[in-house]
Structure formats: structure tokens, C-alpha cells
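Since the structure comes first, as C-alpha cells, the remarks are kept for the end.
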Amino acid sequence: MSGDDAPAQQQNAEETKQENEPSDEPKAESKPESPPVSSTEAAATPAATEKVPEEEQFTYRSLVLSGYGGYDKVKLQVKKGKPALKAGEVMVRVKACGLNFADLLARQGLYDRLPSPPVTPGMECSGEIEAVGEEVTDRKVGDKVLVLNRCGLWQEVAVVPATHTFLIPEGMTFEEAAALPVNYITAYMMLFDFGNLRPNQSILIHSAAGGVGIAATQLCQTVKDVTVFGTASASKHETISQGGVTHCIDYRTRDYVEEVRKISPKGLDIVLDPLGGSDTHKAYNLLKPMGKLITYGAANMLAGQKKNLLAVAKTWYHQFSIHTLSLIQNNKSVCGFHLGYLDGEVEVILQAMTTILDLYRQGKIKPRIDSTYHLEQVGDAMRRMQERNNIGKVILITEPMPEEEKKEEPKKEEKKEDKKKEDKKKDDKKKDDSKKEDKKEEKKKEEPKKEEKNEEKSEVKKEEKKEEPKKEEK
């Protein structure tokens with residue numbers, strides 16, 4: 001669907017010869033020259049110059065993963081040729097694209113649903129339908145749609161099956177539409193299809209400030225009295241608390257298992273686990289009887305800009321496995337979710353998407369846009385997400401980057417580096433402060449013990465003094 005395979009239908013203009021038809025009147029022999037051609041006749045004559053077909057004139061920009069590795073492996077290219085439409089397909093002029101954690105894994109070769117490079121990534125986008133293929137009856141040119149597809153959507157023009165498109169509700173922006181499909185379908189199906197979320201239940205949401213985390217938190221608000229535990233760095237606590245997280249946990253400075261146990265000693269009803277490895281073990285142990293663990297990722301494998309073999313090996317080594325008898329005896333369930341493997345389940349996706357769009361119309365959910373980047377800035381967008389600086393969805397927009405902004409980019413990079421250093425200092429200070437607080441608490445706990453020991457020592461000394469006269473007598 002990249003458009004590279006579209007056939008170049010070049011037509012060479014044929015040279016035509018003009019022949020003089022015999023007139024009804026006899027020609028004079030003294031007139032060998034043909035009559036002069038008027039300007040009107042000359043204009044009507046086919047042009048000898050070759051015309052370039054519209055299919056060849058058609059170009060569009062596309063982000064292409066050229067190989068596995070760092071941010072620089074995703075390059076902006078110009079593709080030539082109008083993509084061909086098959087029956088049941090539509091062509092979408094893309095306005096905005098969503099960036100997902102799976103795209104970061106794919107860049108490092110850790111996401112098996114993306115074909116081998118060179119390939120255009122992107123599982124969700126929004127835009128306007130520019131052309132429809134045969135057998136398409138429920139979509140027309142000009143329809144504003146959001147799109148969910150296996151890949152190939154990080155470009156200005158995308159050809160997809162019409163069944164992979166959904167009409168955008170009135171009032172929803174293209175950025176919001178691009179932020180909706182992956183995160184909200186994932187969160188909805190985990191909470192309600194697997195989790196069977198009900199009133200008065202409790203749930204742990206990891207990465208509560210991310211796209212799926214915010215979607216899951218909003219969906220929890222549609223059910224009465226659900227207690228939400230959410231992990232996120234301290235700087236994001238205010239935002240996720242306002243969004244509906246009941247108990248915010250800083251996973252960088254606190255043990256989230258201990259924090260949950262303090263508040264809910266019996267455990268939790270549902271745990272959403274995108275981390276994998278040893279964290280899946282912790283999640284299972286946090287469940288109360290009849291609790292459900294829903295695992296949907298292995299984010300712990302992503303450590304650094306390029307593939308970290310140690311992190312991958314560590315995650316696989318600690319991979320969670322359990323015997324069915326243990327599940328029976330513990331009255332717990334473990335579920336796995338991967339939206340990428342549901343691309344053929346059209347009816348299942350349609351049902352979930354219909355409900356999600358209804359909730360949007362009712363004002364019960366609304367995607368939170370963290371930031372928008374031009375296609376030229378895809379490296380910055382991926383870096384923001386991978387370094388976990390986002391609160392909500394990171395969006396790519398297809399509108400070309402203004403020249404003025406391009407000139408400002410080097411200065412922005414310097415500012416970003418300075419900000420990173422400042423943030424690191426703040427984080428280090430917070431960690432030091434938390435360590436100092438912990439030490440103070442330990443000292444406070446140790447003080448009564450020291451006093452007891454001192455009292456014991458004084459008692460011993462008193463006893464020794466009493467024994468001294470007796471020793472003297474002896």
C-alpha cells in the first residue's frame with residue numbers, strides 16, 4: 001500500500017500525419033502548394049510534445065523504516081505514482097497519525113507484526129477519503145475518517161480496506177481521531193471483554209500517563225466507584241489524579257507492590273500489565289481471589305535507542321509462566337491481549353469502535369493530546385515517547401514543516417538538551433531527598449531500639465556494681 005508498486009502507465013503521443021482530402025472542385029495544376037493552415041486549425045492539431053500522465057505526476061511524502069536501530073532509521077521519503085485501488089479499498093489523504101509504543105519496538109526489530117524494512121510504519125491515522133474503489137458503498141469522497149491498519153499509515157496518502165475506516169464524529173479534530181483507535185480499543189477490550197469491570201472493583205494501571213493508561217482511566221470512570229491505582233513519575237501525578245486515578249504511585253522511588261498492599265491488603269480485582277518479565281509475576285501475586293491479570297506488552301525489553309540484548313534476555317528470562325492447577329487453586333485468571341493479531345476480526349473491532357465513538361459523543365471520553373510533530377520531526381516524537389516524557393498521545397501531522405521552524409530546529413535541540421540536564425538534576429535530587437527521608441524514618445525506627453539497648457546496658461552496669469562488693473568479700 002506504499003504506492004511503489006503502482007504501474008507507470010506512460011503513453012507516448014503518436015505523431016499524426018495530415019492528409020489533404022480531395023475537394024469536389026478540380027485542382028489547378030499551377031497550384032502545387034497546399035493552402036495555408038489557419039491559427040484555429042493549428043491549435044486543433046494534436047501536440048507533438050509528450051504529456052506526463054496524472055499517475056506519474058502524483059507524489060506524496062512517506063516515513064520509511066530503512067532498517068532496525070535508532071531514531072535515524074525512520075526517514076522521510078517522496079514516493080512517486082498514484083497508488084492503485086483494488087475492489088473494497090479507499091484512498092485516504094492523511095492529516096494526522098498516532099505514535100504507539102509498538103512503533104518504538106518495531107524500530108528495534110522487536111515487533112513481529114511489522115513487515116521487514118524498508119516499510120512504512122503506522123497503525124492509526126485520520127484524514128479525508130480522496131477516492132473509492134469498486135464495491136465500496138458506505139464511504140464516499142470527502143468523508144472524514146479515522147483508520148486502523150496493520151501498518152503503512154505514516155504517510156500523506158494511504159490505501160486501506162474500507163472496513164478499516166470509521167466516520168469521525170462531529171466536533172472531533174483530526175488529532176483526536178488519530179489518537180483514538182489503538183489506545184481506546186486496547187483499553188476497552190481489556191477492561192470489559194476480558195476484565196468484566198464492575199462497580200466497587202479495584203484496578204492497577206501501569207504507565208497511567210501514557211495513551212493506553214489515560215484511555216483505561218477514562219473508561220474506568222464510566223463504571224461506578226472503581227478504585228484506580230496508577231503508576232507514573234511524580235511530575236505526572238497531578239494530571240493523572242485529575243483524570244481519575246485514585247492512588248498515584250511513583251514507580252521510580254517507591255515499590256508499587258508495597259504501596260498497593262498498604263491501601264488494599266487483600267489485593268486487586270484487575271491488573272493491566274504492559275511491562276512483562278518480573279513485573280508480570282508481581283501483578284499475578286497482587287490479585288485477590290477471582291482477580292484477573294491482563295498482559296498486553298513487554299515494555300521492559302525497550303531500554304535505550306537501539307536494541308538492548310541484555311534487557312531483552314532479562315525480560316525473557318523472567319517471563320511469567322504458570323500451571324493450570326495453580327490457576328484453579330488460586331481462583332485467578334490470566335489473559336493476553338494483542339490488537340495487532342485481531343486485524344482480521346472486523347466485526348469484533350467494529351463493535352468495540354462503535355461503543356467507543358458513542359462514549360465520545362456522550363462526552364464520557366476524550367483523547368488527551370500530549371504533543372504534535374511534523375513528519376520531519378519523527379525522531380523527536382519517538383524520543384519524547386521512549387524517554388517517557390509524554391502525558392497522553394504523541395501525534396504526527398502531515399502538514400509540511402514551515403521553513404522558519406526548520407531554521408529554529410538547531411536552537412530547539414540545544415534547549416532540549418539543557419532541559420534534559422535540568423530534569424535529570426531534579427530527578428536525582430528527588431531521589432536523594434526520598435533516600436534521605438527513608439533514612440530519617442529508619443533512624444526514627446532505630447531510636448526506640450537504641451534507647452532499649454541503652455536501658456539494658458544501664459541495667460547491666462547496675463547489676464555489675466551490685467556484684468562488685470560480693471566479689472570483694474569473696
Side-chain angles (χ1 to χ4, degrees), residues 71 99-105 179 183 186-187 203-218 220 227-263 268 271-280 282-283 286 296-305 308 311 314-315 367-371 373 380-395 415-438:
Y71 305 127
L99 176 63
N100 292 287
F101 205 83
D103 297 315
L104 304 180
L105 292 170
N183 292 161
T186 298
I203 181 171
L204 171 62
I205 300 173
H206 284 291
S207 303
V212 174
I214 286 178
T217 303
Q218 289 182 3
C220 283
T227 302
V228 179
F229 293 82
T231 65
S233 54
S235 60
K236 301 175 182 179
H237 283 190
E238 185 179 350
T239 303
I240 64 173
S241 178
Q242 291 171 355
V245 174
T246 319
H247 303 288
C248 305
I249 303 168
D250 184 359
Y251 66 93
R252 292 180 177 177
T253 59
R254 300 288 178 188
D255 183 338
Y256 65 84
V257 174
E258 288 181 7
E259 296 300 312
V260 169
R261 289 288 184 193
K262 286 178 188 176
I263 299 164
L268 302 167
V271 177
L272 304 183
D273 169 41
L275 304 176
S278 59
D279 285 287
T280 310
K282 294 177 183 178
L286 271 175
Y296 66 103
N300 287 334
M301 286 200 295
L302 198 70
Q305 189 179 151
N308 186 321
K314 188 178 176 182
T315 302
R368 178 187 171 89
I369 308 301
D370 170 78
S371 50
Y373 292 85
D380 294 333
M382 290 189 292
R383 183 182 289 108
R384 180 168 181 80
M385 189 172 187
Q386 187 160 330
E387 293 178 357
R388 292 168 170 79
N389 293 323
N390 59 304
I391 304 178
K393 192 76 172 182
V394 178
I395 295 292
K415 288 180 181 178
K416 282 178 187 175
E417 289 299 321
D418 293 339
K419 193 175 184 302
K420 279 183 193 174
K421 290 176 183 177
E422 286 178 14
D423 291 341
K424 192 175 183 302
K425 286 180 182 177
K426 286 178 182 177
D427 287 338
D428 291 339
K429 192 182 178 185
K430 283 179 184 177
K431 287 178 183 177
D432 291 337
D433 290 341
S434 64
K435 286 179 182 177
K436 286 177 183 177
E437 286 295 323
D438 291 338

(message) Tell me the closest heavy-atom pair linking V257 and D255, and the distance in Å.
(response) N-OD1, 3.0 Å
Validation: residues 206-218 side-chain donor-acceptor distances under 3.5 Å, sequence neighbours left out:
residue, atom, partner, partner atom, Å
H206, ND1, T231, OG1, 3.4
T217, OG1, G213, O, 2.8
Q218, OE1, Y184, OH, 2.7
Q218, OE1, K366, N, 2.9
Q218, NE2, K366, O, 2.8

(request) Would you please name every residue forming a side-chain hydrogen bond (donor to acceptor under 3.5 Å, both in side chains) with N390, sequence neighbours left out? (result) none
(message) H247: which residues meet the ring-ring contact (aromatic ring centres under 6.0 Å, His included) condition with it, sequence neighbours left out?
(response) F229
(message) D250: which residues meet the salt bridge (charged side-chain N to carboxylate O under 4.0 Å, His left out) condition with it, sequence neighbours left out?
(response) none
(message) Tell me every residue that passes side-chain contact (heavy atoms from CB on, under 4.5 Å) with T246, counting only those two or more places apart in sequence or in another chain.
(response) T227, V228
(request) Identify the two heavy atoms, one from K236 and one from R388, that lie closest to each other, and give their separation to 0.1 Å. (result) NZ-O, 2.5 Å
(message) Which heavy atom of A232 sits nearest to which heavy atom of H237, and what is that distance?
(response) O-NE2, 2.9 Å
(message) Minimum heavy-atom separation for S233 and Y251, please, with both atom names.
(response) N-CE2, 3.6 Å
(request) Please list, chain by chain and in numerical order, all residues satisfying side-chain hydrogen bond (donor to acceptor under 3.5 Å, both in side chains) with K393, sequence neighbours excluded. (result) N100, E124, N183
(request) Decide yes or no on side-chain contact (heavy atoms from CB on, under 4.5 Å) for V245 and I205, but give the supporting numbers first. (result) CA-CA 9 Å; V245 174; I205 300 173; over 6 Å; no
(message) Could you work out, with side-chain hydrogen bond (donor to acceptor under 3.5 Å, both in side chains) as the rule, every residue matching D103, not counting sequence neighbours?
(response) none
(request) Could you go through the side-chain contact (heavy atoms from CB on, under 4.5 Å) check for D370 and R384 one step at a time? (result) CA-CA 10 Å; D370 170 78; R384 180 168 181 80; 2.6 Å; yes
(request) List in chain and number order the residues that pass side-chain hydrogen bond (donor to acceptor under 3.5 Å, both in side chains) with Y256, two or more places apart in sequence or in another chain; answer none if no residue qualifies. (result) D279
(message) Between R261 and E258, does any NZ, NE, NH1 or NH2 come within less than 4.0 Å of an OD or OE carboxylate oxygen?
(response) no
(request) Applying salt bridge (charged side-chain N to carboxylate O under 4.0 Å, His left out), name anything that partners R368, two or more places apart in sequence or on another chain. (result) none
(request) Please report the closest heavy-atom contact between I203 and C220, naming both atoms and the distance. (result) CG2-SG, 4.0 Å
